There are 2 protein chains.
Amino acid sequence: MDKMDIKKLAKDLNLSTSTVSRAFRGNSDINLQTKERILAKAKELNYQPNLYASNLREKKSKTIAVIVPELANNFFSQAINGIERVAREKGYHTLIYVTDDDYQREVSFIDDLYNGRVDGVIMSASGEANDHNYLNKLRKKHMPLVFFDRVYDDIEVPKVTTNDYESSFLATKHLIEAGCKKIAFLVINKSLSIGKMRTQGYVDALEDAGIPYKQSWIIDCKNDHQENYQVLSRLMNTLQPDGLFASVERLAISSYYVCHDLGIAIPEQVKILSFSSLEIASLLNPALTTITQPAYDLGANAAQLLFKTLEGGTAQKEQLVLKSSLIPRKSTAG
Amino acid sequence: MDKMDIKKLAKDLNLSTSTVSRAFRGNSDINLQTKERILAKAKELNYQPNLYASNLREKKSKTIAVIVPELANNFFSQAINGIERVAREKGYHTLIYVTDDDYQREVSFIDDLYNGRVDGVIMSASGEANDHNYLNKLRKKHMPLVFFDRVYDDIEVPKVTTNDYESSFLATKHLIEAGCKKIAFLVINKSLSIGKMRTQGYVDALEDAGIPYKQSWIIDCKNDHQENYQVLSRLMNTLQPDGLFASVERLAISSYYVCHDLGIAIPEQVKILSFSSLEIASLLNPALTTITQPAYDLGANAAQLLFKTLEGGTAQKEQLVLKSSLIPRKSTAG
DNA sequence: TTGTAGGCGTTATCAG
DNA sequence: CTGATAACGCCTACAA
């Protein structure tokens, strides 16, 4: 009574399973009337073709995987939103995997996808300077992979990033023009693709302005707020920068807390600027100058690239670079 | 050379497919040595059992679906984070569907899940006062469903919510005690489960304090910022409230913009309080008093409830109510 | 402990 | 336009 399958439905209709099957496939030849009769009966009996049987036959899952370092984060949630929308429009389903910035987890997620569960993968990388060879297995399985934002340079697949170097350069220049002489650069992982680009933009902009650059002004931070709070407090008390350039949103947040608590006035005593996808940057106290990445578009484009290779068959290695925008606000006001 | 399946692997090893299969199943009798030989060879040849063939046999997908109204949103991204974590720990995969608050989309997502794609569904509802009968089909398919936060009262499934009525009552009281006489309540959908509870809390708190309650002080808003900006501007100019209680984070945001633009001082001229999962509420200008829902826990608990019914078999109808916390900040300072 | 064989529910191919 | 049949890749009785 409960379990419906194509055979029972066919018997109910005095038809063969092939005919019933045809009613559910878009293309095949079938009499319109029988088709409608079948669909009606199917609805009545609450029948739907079994997904796993279909996929087994057709060897595709109409599903993609998205692997991200974190989820509860403006940037990634917007990006995923973009991915999900494109996937949905293409009739694909979207699986989410969060690594919590744990490289091992990334590896094991990927491992879990070899079995045909998905047709393709979109990923923002977690594993810094590790071995990325496990990703080549994906290619052997003809499973397309697309990177967005955080990429591995040594893996040749389509990538969607933003103009990090240029943005970072301009941002640093912006601080200099606002009068900063002692600009600290806050970074989480300067060996990662993105950290590297952003750090370089900062360094070059300093040089370009004839400001002596010192290694000690590049501050290594973590993902943990408490730790960063300590590091930044020390920074403010010792080096006493008059400018903070946060390469990641959460570092700007920590900086704000530190400055509030230490009674350091923004922007009078220290100007702050950050890469950030915070939609309410202008409501902060004071409004935060940001380099805003087009997070949604980044995701949407990554998805489009994936479907392009999925449909085209050829493994493209397109590199798409979207532009971020520098939005000056009170936190860097002269 | 490329495609591996159990037969080729078996042939390579001079074994039968059943033996190979056994090496991958946890339970079956198999010689430890042959098992290891098989697994080694499998790794070498990059073989993994095809998921769809396995699922077709075993009739379960080890996958759950999460359906939410929106994704790029502090509350939902935290909740999904909680769900994903629990699912991962249970060895399940997580599919994401975003309705953009479109009831029809919710229905069609659900339709798409009848085919065995998932073992269970976790959902925060989009469709207000619509017909929810389509959900009963899920039950016929023995597909467990769990609601979180936004629920349909007429559907009897496990639900995880927060103490919305109580929180709303206390929040209103907080505003009254801070000296507000004319408190407007901003709501997006007062007919929805949550909107209803929150509205009632507001109304009752007013009555409790002997403040005459007027329908006109309940302000109907939308999801769109532009529209809300208009509505709220008008509100501030006409009714001139001295307190705003936003039932949803985005309405507090819009209120801040309006007040900033109109030069209305918070909290001197108007105090603002909001349901919100914003982690940086205290960095806003001024720091925003919030009722903070335990978003992550809401998601994690919903997932746990789902797995409980998935494992236990019995369709529980547990109702879990988590507590939100009122965190007073500058925006409601006396 | 291992092998054989049948079937999970669909769909594509080929006849009719 | 419709029906029979053989895969898809794997798993599990049952037999050896």
Side-chain angles (χ1 to χ4, degrees), chain A residues 2-39 41-42 45-63 112-119 141-143, chain B residues 1-39 41-42 45-62 112-119 141-143:
Chain A
D2 228 353
K3 298 260 163 195
M4 275 311 295
D5 62 30
I6 200 172
K7 280 186 200 155
K8 290 192 200 138
L9 186 58
K11 192 176 291 177
D12 254 46
L13 288 158
N14 263 77
L15 288 169
S16 74
T17 60
S18 356
T19 310
V20 174
S21 177
R22 277 190 268 262
F24 285 91
R25 322 266 59 216
N27 43 350
S28 323
D29 291 340
I30 186 175
N31 180 300
L32 193 62
Q33 307 217 334
T34 41
K35 173 167 179 175
E36 275 166 6
R37 196 159 65 91
I38 292 169
L39 292 180
K41 194 77 175 180
L45 297 183
N46 212 355
Y47 165 79
Q48 285 209 350
N50 179 293
L51 178 80
Y52 291 98
S54 305
N55 283 344
L56 176 57
R57 282 284 326 212
E58 301 180 358
K59 310 197 163 212
K60 56 192 177 44
S61 64
K62 282 277 189 178
T63 304
D112 235 20
L113 299 173
Y114 285 142
N115 51 20
R117 185 183 291 276
V118 300
D119 296 340
K141 287 267 184 180
H142 301 295
M143 176 117 61
Chain B
M1 199 69 220
D2 227 352
K3 297 260 162 193
M4 276 309 297
D5 61 30
I6 200 171
K7 277 187 202 154
K8 290 191 199 139
L9 185 59
K11 192 176 293 178
D12 253 46
L13 288 158
N14 264 77
L15 287 170
S16 76
T17 61
S18 18
T19 311
V20 173
S21 175
R22 277 189 268 263
F24 285 91
R25 320 267 59 214
N27 43 351
S28 323
D29 291 340
I30 186 176
N31 179 300
L32 192 62
Q33 309 216 334
T34 39
K35 173 169 180 176
E36 276 167 4
R37 196 160 64 91
I38 292 169
L39 292 180
K41 194 78 175 178
L45 298 183
N46 211 354
Y47 166 79
Q48 284 210 352
N50 178 290
L51 178 81
Y52 292 97
S54 307
N55 282 343
L56 177 57
R57 287 279 330 212
E58 301 181 356
K59 311 197 167 210
K60 55 190 176 42
S61 66
K62 282 274 188 182
D112 232 21
L113 299 172
Y114 285 144
N115 50 18
R117 183 183 293 274
V118 300
D119 296 340
K141 287 267 184 180
H142 302 296
M143 175 116 61

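If you're wondering where the values come from, they're calculated on a predicted model, not measured in any experiment. Just so we're on the same page: letters track the sequence lines, and every chain starts at 1.
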Using only atom types and a distance under 3.5 Å, with no angle test, would you say the side chain of Ser54(A) pairs donor to acceptor with the backbone of Asn50(A)? yes
Sidechain-backbone polar pair: Tyr52(A) side chain, Arg117(B) backbone, donor-acceptor under 3.5 Å: yes
Find which nucleotide of DNA chain D each of Asn14(A) and Thr19(B) is nearest to by heavy atoms, and output the residue with the more 5' nucleotide. Asn14(A)
Has the side chain of [X] got a donor or acceptor that lies under 3.5 Å from a partner of the other kind on the base of [N]?
| X | N | value |
| --- | --- | --- |
| Arg57(A) | dA12(C) | no |
| Arg22(B) | dG3(C) | yes |
| Ser16(A) | dA4(D) | no |

Taken in chain and number order and not counting sequence neighbours, the residues that satisfy salt bridge (charged side-chain N to carboxylate O under 4.0 Å, His left out) with Lys59(A) are none
Of the candidate nucleotides [options], which contains the atom at the shortest distance from the side chain of [X]?
| X | options | value |
| --- | --- | --- |
| Leu56(B) | dC10(D), dT4(C), dG9(C) | dG9(C) |
| Ser18(A) | dC10(D), dC11(D), dA4(D) | dA4(D) |
| Lys59(B) | dC8(C), dT12(D), dA12(C) | dC8(C) |
| Lys7(B) | dC8(D), dC11(D), dG9(C) | dC8(D) |
| Ile6(B) | dC11(D), dA12(C), dT10(C) | dC11(D) |
| Leu15(A) | dT10(C), dG3(D), dT11(C) | dG3(D) |

Starting from [atom2] on [N], measure out to [atom1] on [X] and report it in whole angstrom.
| X | N | atom1 | atom2 | answer |
| --- | --- | --- | --- | --- |
| Tyr52(A) | dG9(C) | OH | C1' | 14 Å |
| Arg25(A) | dT2(D) | CZ | P | 17 Å |
| Asn55(B) | dT10(C) | CG | P | 14 Å |
| Asn50(A) | dG7(C) | CG | P | 18 Å |
| Ile30(B) | dC11(D) | CD1 | C1' | 13 Å |
| Arg117(B) | dG9(C) | CZ | P | 18 Å |
| Leu51(A) | dG9(D) | CG | P | 16 Å |
| Phe24(B) | dT12(D) | CZ | P | 14 Å |

Taking OP1 and OP2 of [N], is either one under 4.0 Å from a side-chain nitrogen or oxygen of [X]?
| X | N | value |
| --- | --- | --- |
| Ser54(A) | dT10(C) | no |
| Thr34(B) | dT2(C) | yes |
| Tyr47(B) | dC10(D) | yes |

Reckon Gln33(B) touches a base, only the sugar-phosphate, or nothing at all at heavy-atom distances under 4.0 Å? nothing
Run the ring pair (Phe, Tyr, Trp, His ring centres under 6.0 Å) test against Tyr114(A) and tell me which residues pass, sequence neighbours left out. none
Residue pair Thr19(B) / Ser16(B), side-chain donor-acceptor N/O under 3.5 Å: yes
Polar contact flag, side-chain donor to acceptor under 3.5 angstrom, Asp119(A)-Ser61(A): yes
Comparing Asn31(B) with Asp5(A), nearest DNA chain C nucleotide closer to 5' gives the residue Asn31(B)
